[in-house]
Amino acid sequence: MVDLERMDALLKSRTPGHSLPQALYNDPEAFDFDMEAIFGQSWLMIGFDVELPKAGSYLALTIGRWPILIVRDRTGKLRGFHNTCRHRGAQICQDGQGTSARLVCPYHRWTYELTGELVHASRMGEDFSLEGRALKSIHVEAVGGLIFVCLADTPPPIEAFREKYTPLVAPHQLKDAKVAYHSTLLEKANWKLVMENARECYHCAGQHPELSASFPIMAKAYFDFGEDARVNDYNARMAAAGLPMGPVEGDWWEAIRFPLNPGCVSMTIDGQRVVDKLMCEAGDGDIGSLRLAIEPHGFCHAASDHAFLFSAFPVSPTETLVVSKWLVHKDAREGVDYDLDRLIALWNTTNLQDLALVENNQRGVNSPGYTPGPYSAEAEALLIRFVDWYCAKAGAYVRAQSGMPDGVAGPRAPVMAER
């Protein structure tokens, strides 16, 4: 059992505007706490709605130690379950995607309907009842073409996110798309170090020359470009094209449409489109990028020609699984409308660069010489926002579980450009 008093003390020992105490980046008990307090209580972005195209389609993945399963039932509804058989607990579907008329445990062939009810269990005796042995459900929601799950009994509110984000992403037609490529990277670093790196571009000029070619790494607060005639022109063009821009945000999410660097129309190696069949044809396809950031673990960019999703899932105190997915129009043909290598080049390159950075960060944090250092209020403001959110979320969990009166709630940071 997690020592909540110890976790509370660690959270309270953090100096505002500074990185976290060492134990919160490498301690096994702190990892268990994060799984309970953060990943067990948050909406998690696990993929695209189009990954489950028909009845029986399923997506299975493991979050920390928790295998989960998302299924589309025969009515078209998405269902979420703990991916563990009600017999002896075996994992029913291996991590990945597939299609099955029913869910069959590979161990003893207990069989479940797509709605979770147990419908077959052989050799269990005459007094055995199928009733009351359905798969245990989890919350699942589709918002704007993205799939979110929550393992909490009572999930955080999601309706404000749905109401405000859906109009921004609707022109990108994520439901008329397909996943062109899917990659995973096991990074030897704590999930918070992975996300701190993803929440700032302080390092981008020196470490990501490819990303910096199209992404505006020097923007001011929340993609505020100041008095820039080019940006004013962009804003006018988006208004004429009928594209909402934001920003919109809530406690655990934020979204905005922003212009790319001059001469760039997509987030690619050369800033040019890599898919001829556009997902959004408004503005002649020159619409910058729509960025969505989700706490605790991901972001998504949608340009005119493709969309990119990044999710970071904890594996252990010092390991994180980074899942990336590239989405293109459903009718785009590989080798005809797009070249796969060009499509994935920018984010593959960036992800591998970041892997080296965060693993190096973890090695340094493990040192007895590590002392939490100050963040840059200008260049790392969204990182500060992430860490403040983490401390507030964790502190609220401690209060709810223990009744401690003084939880942790860091100051809300100004919001700045991030990936």
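Note that these values count all heavy atoms, side chains included, but never hydrogens, waters or copies made by symmetry.
The shortest distance between side-chain heavy atoms of His297 and Leu44 falls below 4.5 Å. Residues Glu187 and Leu193 form no side-chain contact, since every pair of their non-hydrogen atoms from C-beta on lies 4.5 Å or further apart. The shortest side-chain heavy-atom distance between Leu292 and Leu146 falls under the 4.5 Å cut-off. Between Trp252 and Ser42 the shortest side-chain heavy-atom distance does not fall below 4.5 Å. Contact check for His82 versus Leu151: side-chain heavy atoms found under the 4.5 Å cut-off.
In this structure, Glu319 contributes its side chain and Ser316 its backbone to no donor-acceptor pair below 3.5 Å. Side chain of Arg230 to main chain of Pro259: no donor-acceptor pair is present (N/O by atom type, distance under 3.5 Å, no hydrogens or angles). Judged by distance alone, the side chain of Thr268 and the main-chain N or O of Gly271 form a donor-acceptor pair under 3.5 Å. Asn261 places no side-chain N or O within donor-acceptor distance of the main-chain N or O of Cys264, the cut-off being under 3.5 Å. In terms of modelled atom types and a separation under 3.5 Å, the side chain of Asn190 and the main chain of Asn26 share no donor-acceptor contact. A distance-only check finds a donor-acceptor pair linking the side chain of His329 to the backbone of Asp331 [under 3.5 Å]. Looking only at distances, no side-chain donor or acceptor of Asp284 sits under 3.5 Å from a matching main-chain atom of Asp286. A donor-acceptor pair under 3.5 Å is formed between the side chain of Tyr112 and the backbone N or O of Arg86. Proximity of a side-chain donor or acceptor of His139 to a complementary backbone N or O of Asp153 within less than 3.5 Å is detected. Using modelled atom types, no side-chain atom of Arg333 and backbone atom of Asp337 make a donor-acceptor pair closer than 3.5 Å.
What you find for Ile269 and Ala345 is that their closest heavy atoms are CG1-CB, 3.7 Å.
Remark: Asp32 CG to Asp3 CG distance equals 12.0 Å, nearest 0.5 Å. Rounded to the nearest 0.5 angstrom, Arg65 CZ and Ile63 CD1 are separated by 13.5 Å. Taking CG from Leu103 and OH from Tyr58, the interatomic distance works out to 8.5 Å, rounded to the nearest 0.5 Å.
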Donor-acceptor pairs under 3.5 Å, side chain of residues 15-25 to any protein atom, not counting sequence neighbours: which ones?
| unit_1 | atom_1 | unit_2 | atom_2 | d |
| --- | --- | --- | --- | --- |
| His18 | ND1 | Pro16 | O | 3.1 |
| Ser19 | OG | Tyr370 | OH | 2.9 |
| Ser19 | OG | Gly373 | N | 3.0 |
| Gln22 | NE2 | Val365 | O | 2.7 |
| Gln22 | NE2 | Asn366 | O | 3.4 |
| Gln22 | NE2 | Ser367 | O | 2.9 |
| Tyr25 | OH | Leu20 | N | 3.1 |
| Tyr25 | OH | Glu196 | OE2 | 2.5 |

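Summarising the local packing, NZ of Lys178 is surrounded by more than 12 heavy atoms from other residues, nucleotides or ligands at distances under 6.0 Å.
For the residue pair Asn351 / Ser324, a side-chain donor-acceptor distance below 3.5 Å is found, with atom types taken as modelled. A donor-acceptor pair shorter than 3.5 Å cannot be found between the side chains of Thr115 and Glu113. Judged by distance alone, the side chains of His208 and Thr350 never bring a donor and an acceptor atom under 3.5 Å apart. Of the N and O atoms on the side chains of Gln401 and Glu36, not one donor lies less than 3.5 Å from an acceptor on the other residue.
Between Trp110 and His87, the ring planes lie parallel to each other; the angle is under 30°, not in the 30° to 60° tilted range. Ring planes of Trp389 and Phe386: parallel class, angle under 30° (limits at 30 and 60°).
A search for salt bridge (Lys or Arg N to Asp or Glu O under 4.0 Å) contacts involving Asp270 returns Arg342, not counting sequence neighbours. Listed by chain and residue number, nothing satisfies the salt bridge (Lys or Arg N to Asp or Glu O under 4.0 Å) test with Asp95 (two or more places apart in sequence, or in another chain).
Shown are Leu327, Leu278, Leu343; of these, the side chain to side chain contact (heavy atoms under 4.5 Å, CB included) with His306 is made only by Leu343. With Trp253 as the fixed residue, the ring-ring contact (aromatic ring centres under 6.0 Å, His included) test singles out one of Phe161, Tyr165, Phe299, Trp43: Phe161. Screening Trp326, Phe308, Phe215 for a ring-ring contact (aromatic ring centres under 6.0 Å, His included) with Trp347, the sole residue that qualifies is Phe308.
Judged by the 6.0 Å distance and 45° axis criteria, Lys192 is positioned over the aromatic ring of Tyr390.
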